[in-house]
Amino acid sequence: MLLYNTLTKKKETFVPIEEGKVGMYTCGPTVYHFAHIGNLRSYIMEDVLEKYLRYEGYDVKRVMNITDVGHLTSDADTGEDKMLKGAKREHKTVMEIAKFYTDAFFSDCAKLQIKTPDVVEPATNCIDEFIHMITVLLEKGYAYEAGGNIYFDTSKLKEYYVLSSHNEADLMVGVRDDVEEDTNKRNKADFVLWFTKSKFEDQELKWESPWGTGYPGWHIECSCISMKHLGERLDLHCGGIDNIFPHHTNEIAQSESYTGHKWCNYWFHVHHLTDKSGKMSKSKGDFLTVSLLEEKGYDPIVYRMFCLQSHYRKPLEFSYEVMDNVATAYRKLRNRVAALDAAGEADLEQAAVYQEKFKEAVGNDLNTSSGITVLYDLLKANISDATKLYLVKDFDRVLSLNLAAGPVEESAPAETVDAGLEQYINEKIAERAEAKKAKDFAKADAIRAELLEKGIVLKDTREGTLWSVQK
Ligand code: AMP
Ligand code: ZN
């Protein structure tokens with residue numbers, strides 16, 4: 001397969017270290033809130049990649065961490081632990097929050113036909129491994145203690161910015177909000193391996209370590225969890241593009257300093273899902289989830305098809321208009337497959353021709369939309385229904401669109417309104433949120449009433465204010 005590698009910035013032929021086997025690591029979710037459909041775009045495309053590698057005959061072992069400690073609100077090692085923020089928001093313990101949102105994550109994944117990785121490991125399970133790696137980094141002179149924290153010393157590396165240029169990385173830090181300088185750092189790019197002096201005394205989860213009671217930094221967890229299950233040489237590492245810097249850059253720095261050799265050969269990054277206002281993010285507080293799509297009447301699998309129809313290395317803008325088109329296309333596709341006559345034997349020689357075409361498409365840097373085109377072509381082709389059905393099921397091992405699950409009834413149209421009204425509703429919701437923030441509840445209620453007069457019902461949820469058309 002040809003795969004774009006962020007490390008070499010080229011499309012390369014994928015060659016694993018051990019013939020026929022692939023070690024694949026995926027950065028898992030930070031479980032302080034629901035995953036938004038942007039996060040899930042990354043996990044859908046990584047799932048297709050894993051399934052395509054299996055389709056090509058590789059024996060894949062996939063490992064994912066669950067970030068339940070150490071991921072601060074700012075990637076520059078300042079701010080609050082996101083988990084603590086979630087716990088405070090919901091008046092629960094960090095572990096309760098972690099359990100609730102880990103379950104919610106896997107339930108969303110199941111709805112999107114995302115296979116659970118072979119190993120799923122929460123960071124809080126691996127404290128001993130983190131302490132061991134940090135100890136070795138200190139012994140080798142790659143780490144130092146300052147102000148009670150342990151830092152990685154990026155000046156010890158010949159090359160630190162291996163995944164992105166220095167300038168790109170600087171720009172990325174520059175645009176991030178709440179970047180504060182940590183005066184303990186010897187170099188601007190240094191990062192925390194172990195915190196003992198957090199600005200937040202109420203950090204709930206803390207462990208004993210040779211450097212005092214504290215908790216691990218976010219980056220160390222992925223290096224350790226990957227090595228624990230996949231060894232010191234890794235074939236493939238995945239994540240969304242925001243992970244390139246600093247997270248993956250730091251993972252490479254500490255892993256290669258620890259082992260003394262190259263760690264991971266291929267880096268796969270999925271571009272972001274955006275909405276009209278830009279990148280979707282959990283910290284915005286108001287975001288799109290799988291349950292919200294379901295509430296609006298969409299089968300979550302339609303969102304999977306929405307993602308598969310565009311290339312993972314391009315930004316993708318979410319819109320209900322496109323979702324509606326995909327929902328119609330999906331229904332027609334399922335019904336076409338359901339109408340195939342399953343009787344008779346598939347012609348495997350003919351099937352092989354289409355399997356080759358499918359591999360040429362998807363095997364070319366995971367071009368899933370071309371893969372779907374091959375699917376449409378074969379449904380139109382002059383071959384037997386049995387062969388068609390055989391191929392549909394075969395391709396669905398990679399696409400996972402439930403294509404042979406029977407016909408789909410035409411459902412009631414999703415709740416849509418014209419674009420002008422939608423913009424008006426969104427503006428009013430924003431205005432109402434401002435009013436609520438300013439404790440002007442009379443104004444907030446007046447806005448609610450104004451919308452209701454137009455047949456729009458508002459519902460305040462943990463995911464923000466949702467609207468629906470009055471039934
Ligand atoms: P998090 O739970 O914030 O650690 O993120 C989980 C995964 O989602 C990471 O691989 C991120 O890079 C990825 N991600 C975050 N935002 C987006 C987005 N808007 N579109 C696609 N992937 C994203
Ligand atoms: Zn990671």
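One-based numbering, in listed order, for ligands and for the atoms of each. One is the number of the first residue; the rest follow in order along the sequence.
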Among Pro315, Ser42, Gly240, Cys238, which one puts a heavy atom closest to atom 22 (N) of ligand 1? Ser42
Rounded to the nearest 0.5 Å, how far apart are CG of Asn265 and CG of Asp235? 6.5 Å
Counting only nitrogen or oxygen atoms and a 3.5 angstrom limit, does Gly38 reach ligand 1? yes
Quick check for you: to the nearest 0.5 Å, what is the distance between Phe130 atom CZ and Ser209 atom OG? 13.0 Å
Angle at the Zn ion (ligand 2): provide the value between SG of Cys222 and SG of Cys27, rounding to 10 degrees. 130°
Fit a plane to each ring of Trp218 and His71, take the angle between them on a 0 to 90° scale, and name the class: parallel (under 30°), tilted (30 to 60°) or perpendicular (over 60°). parallel
With the threshold set at under 4.0 angstrom, would you say His269 reaches ligand 1 through any of its heavy atoms? no
Less than 3.5 Å between some nitrogen or oxygen of Asp242 and one of ligand 1, yes or no? yes
Among the N, O or S atoms of His247, which one sits nearest to the Zn ion (ligand 2)? NE2
Carboxylate-amine/guanidinium contact Glu431 Lys428, below 4.0 Å: yes
Hey, does Thr67 sit under 4.0 Å from ligand 1 if you only count heavy atoms? no
For Cys27 and ligand 1, does the shortest N/O to N/O distance drop below 3.5 Å? no
Any nitrogen or oxygen of Thr30, side chain or backbone, less than 3.5 Å from one on ligand 1? yes
Would you say ligand 1 has an N or O under 3.5 Å from any N or O of Trp218? no
Okay, side chain of Glu145, backbone of Trp211: is any donor-acceptor separation there less than 3.5 Å? no
May I ask you to say whether Lys262 pairs ionically with Glu256, meaning some side-chain N is under 4.0 Å from a carboxylate O? no
Fit a plane to each ring of Tyr215 and Phe195, take the angle between them on a 0 to 90° scale, and name the class: parallel (under 30°), tilted (30 to 60°) or perpendicular (over 60°). parallel
Is Arg186 close enough and on-axis enough to Tyr144, meaning under 6.0 Å and within 45°, for cation-pi? yes
Under 4.0 Å from a heavy atom of Asn243: give me the atoms of ligand 1 that qualify, with their elements. 9 (C), 10 (O), 11 (C), 12 (O)
